[in-house]
Amino acid sequence: MKQIFLSIQSELSRVSTLKHIDKNWNQLNHEQPPVKWPCALLDIANVEYSQIAHLHQIAEADVEVIVADMRFTNTSLRNPNREDGFDIFTLLDEIHQTLQGFAPANAQPLVRTNLQKVETGYNYELYRMTYHTAWKVEKITDSTKVQLEPVIIDDHINRRFTNVL
């Protein structure tokens, strides 16, 4: 999972408008959030595992991207600069164009499944974008496989031959 998040974070760096890209550890719950605006915060919402052969699994996950930006502009109809207050929608579209179909480290391409307005903070607003992906999780064993030389027994003369080829 770590590599998936690191590759998503790197991919998001292509969105030049974003000033802060981080793992979501509830930075926005602080009175003065330790982020630069606008920001994208990444986290995992849900992972479901299904069993396949040899204790390997398929992981299907929902990756959340919280997008937050400060509200500086009044969006009232009478404000001549009101369009600037809707810039977060341009940012959401840019993030989506960057992530939709992007295949993070050894995972299937991201597919957006949800966009949701989240409770607005004191002077900023939040949107949660959810993307679905899947990857194979292999069971790591600490045993070493050993290949033995085949032993062939000739029944007619009851002799042993090794390494026939």
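Numbers for residues simply follow the sequence, beginning at 1. In this text, all values refer to a predicted model and were calculated from it rather than measured experimentally.
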Test side chain to side chain donor-acceptor pair (under 3.5 Å) applied to Q57 and E138, Q51, K136, the passing residue: Q51

Measure across [X] and [Y] and return the closest heavy-atom pair with its distance rounded to 0.1 Å.
X	Y	result
A68	W37	CB-CZ3, 3.7 Å
Q27	P34	O-CD, 3.5 Å
Y49	A59	CE2-CB, 3.5 Å

E64 side, atom CD; N24 side, atom CG - distance, nearest 0.5 Å: 8.0 Å

So [Y] and [X], do their side chains get closer than 4.5 Å, heavy atoms only?
X	Y	value
F102	S7	yes
D22	V35	no
T17	P38	yes
L18	L91	yes
I4	I44	no
E60	H132	yes
M70	N123	yes
Y127	D69	no

Single-linkage hydrophobic cluster L99~V47, side-chain heavy atoms < 4.5 angstrom: yes

Any donor-acceptor N or O pair under 3.5 Å, side chains R112, Q100: no

Please answer whether the main-chain N or O of [Y] pairs with a side-chain N or O of [X] as donor and acceptor at a distance below 3.5 Å.
X	Y	result
Q9	I21	yes
T130	D62	no
Y124	L28	yes
T133	Q108	yes

Within 6.0 angstrom of N106 CG, more than 12 heavy atoms from elsewhere: no

CD (E48) with more than 12 external heavy atoms under 6.0 Å: no

